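A quick write-up on the structure given underneath.
The model shown is predicted, which means the values in this text are computed figures rather than measured ones. Note that the numbering runs from 1 along the sequence shown for the chain.
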Amino acid sequence: GLMLTPEKGMMAQSLQDVRQAFGITGPINLCPMASKGCAAACLSRSGQSGMPQQQRAQAVRTAFLIAFPEAFALILGAEIRAAVKAKGSINLRLNTTSDIRWERVAPVAMALLADAGVMLYDYTAWQPWQREVSAGYSLTYSAKEPTHTSDEYLGGLLGAGKNVAVPFTTKRGEALPATWLGFPVIDGDVSDERRNDPRGVVVGLRA
């Protein structure tokens, strides 16, 4: 997974020196469709990722991507190549803590990765019509607060065969609901492997 600084995090006063070091000016938002709820509960700050040095590393990585995209792509490509050589094939989330439309930013690279045996998948808050879906890039859509993604909208996605990740208040060790809005719920906490999920299901996650 590639961990970058999500949403408007790069605009924090504490990262002003990082922006200056890379010559970055103007607003930055790597999750333009983020709601207030998902921004507040972002994985970017959970566990070890919340440690100051990890936050700093995400920011430097993000600034490097923005300031020197070609060099960033070369380094990332080398790391992916080494992983594929060692494992044969790998799963890759380029948006572990961001929501970049990589199929638009780097369409040729995405196609080459898929051809090389890299199994690409991500969660996204963009609407389906705003993304280009391909066999090589699996997307699971994210439910937000009802004011951001209504039940009617999410039901429409599920009915069209899309998968939707929904956080539940279910505690760890307890079973998730069997259905949600009449659609089957699978346990998304068992594995982060989303490419093998059946279609038109709710990916249940324990908040």
Side-chain angles (χ1 to χ4, degrees), residues 1-11 19 22 24-44 49 58-77 79-80 83 90-145 148-150 153-154 156-158 160-167 188 192-195 197 199-200 203 205:
L2 177 62
M3 296 194 75
L4 302 171
T5 299
E7 213 241 345
K8 301 175 184 177
M10 283 299 296
M11 304 308 297
R19 295 194 303 274
F22 284 88
I24 296 174
T25 60
I28 300 168
N29 187 344
L30 296 192
C31 305
M33 304 304 290
S35 65
K36 291 182 179 179
C38 71
C42 182
L43 291 174
S44 167
S49 297
Q58 290 178 27
V60 171
R61 198 178 297 127
T62 302
F64 183 43
L65 167 62
I66 294 169
F68 304 104
E70 295 89 353
F72 184 98
L74 287 172
I75 294 173
L76 180 62
E79 293 187 359
I80 294 172
I90 62 169
N91 285 4
L92 178 64
R93 277 183 66 185
L94 291 173
N95 280 329
T96 303
T97 51
S98 54
D99 200 2
I100 299 169
R101 293 184 288 183
W102 290 103
E103 74 278 7
R104 293 193 178 190
V105 173
V108 174
M110 296 294 280
L112 290 172
L113 287 171
D115 289 343
V118 178
M119 295 173 284
L120 297 154
Y121 73 108
D122 271 319
Y123 298 85
T124 184
W126 293 92
Q127 296 184 27
W129 65 270
Q130 296 169 312
R131 302 294 307 253
E132 279 83 33
V133 179
S134 68
Y137 191 18
S138 173
L139 295 173
T140 298
Y141 296 88
S142 300
K144 309 297 181 185
E145 304 93 308
H148 197 79
T149 53
S150 67
Y153 166 71
L154 296 174
L157 292 182
L158 291 162
K162 311 294 185 184
N163 289 358
V164 177
V166 178
D192 194 49
E193 166 62 272
R194 300 272 70 86
R195 291 180 57 88
D197 293 342
R199 298 292 92 191
V203 180
L205 302 170

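Closest approach of Ile100 to Tyr137, counting heavy atoms only: O-OH, 4.5 Å. For Ala143 against Pro167, the heavy-atom pair with the smallest separation is O-CD, 4.2 Å. Pro128 and Leu157 make their closest contact through CG-CD2, 3.3 Å (heavy atoms, listed as atom of the first residue, atom of the second, distance).
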* To do: Given side chain to side chain contact (heavy atoms under 4.5 Å, CB included), test Leu2 with Arg93 step by step and report yes or no.
  => CA-CA 6 Å; Leu2 177 62; Arg93 277 183 66 185; over 6 Å; no

* Asked: Should Asp192 and Tyr121 be marked as a side chain to side chain contact (heavy atoms under 4.5 Å, CB included) after you check the CA-CA gap, both sets of side-chain angles, and the distance that decides it?
  -> CA-CA 10 Å; Asp192 194 49; Tyr121 73 108; 2.7 Å; yes

* To do: Could you check Glu7 against Asn29 for side chain to side chain contact (heavy atoms under 4.5 Å, CB included), going step by step and ending with a plain yes or no?
  => CA-CA 5 Å; Glu7 213 241 345; Asn29 187 344; 4.1 Å; yes

* To do: Any chance you could lay out the side chain to side chain contact (heavy atoms under 4.5 Å, CB included) test for Thr25 and Arg19, step after step, and finish with the verdict?
  => CA-CA 7 Å; Thr25 60; Arg19 295 194 303 274; over 6 Å; no

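For the pair His148 (side chain) and Lys36 (backbone), a donor-acceptor distance under 3.5 Å is absent. At distances below 3.5 Å, not a single donor-acceptor pair connects side-chain atoms of Asn95 with backbone N or O atoms of Asp122. In this structure, the side chain of Trp126 engages the main chain of Asp99 through a donor-acceptor pair within 3.5 Å. When atom types are taken as modelled, the side chain of Ser142 and the backbone of Ala165 share no donor-acceptor pair closer than 3.5 angstrom. Thr149 contributes a side-chain N or O that, together with a main-chain N or O of Lys144, makes up a donor-acceptor pair within less than 3.5 Å.
Electrostatic pairing of Arg131 and Glu103 counts as a salt bridge here, judged by a charged N lying under 4.0 Å from a carboxylate O.
In this structure, the side chains of Ile90 and Ile80 come closer than 4.5 Å at one or more pairs of heavy atoms.
For the atom pair CZ (Arg199) and CG (Asn163), the distance works out to 4.0 Å, reported to the nearest 0.5 Å. Here Leu139 contributes atom CG and Arg195 contributes atom CZ; the two are 10.0 Å apart, rounded to the nearest 0.5 Å. With rounding to the nearest 0.5 angstrom, the CE atom of Met33 is 8.5 Å from the CZ atom of Arg101. The distance from the CG atom of Leu74 to the CD atom of Glu79 is 11.5 Å, given to the nearest 0.5 Å.
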Enumerate, atom names and distances included, each donor-acceptor pair closer than 3.5 Å involving a side-chain atom of residues 60-69, sequence neighbours excluded.
| unit_1 | atom_1 | unit_2 | atom_2 | d |
| --- | --- | --- | --- | --- |
| Arg61 | NH1 | Met3 | O | 2.5 |
| Thr62 | OG1 | Thr5 | N | 2.8 |
| Thr62 | OG1 | Gln58 | O | 2.8 |

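With sequence neighbours excluded, the residues that form a side chain to side chain donor-acceptor pair (under 3.5 Å) with Arg194 are Tyr123, Asp197.
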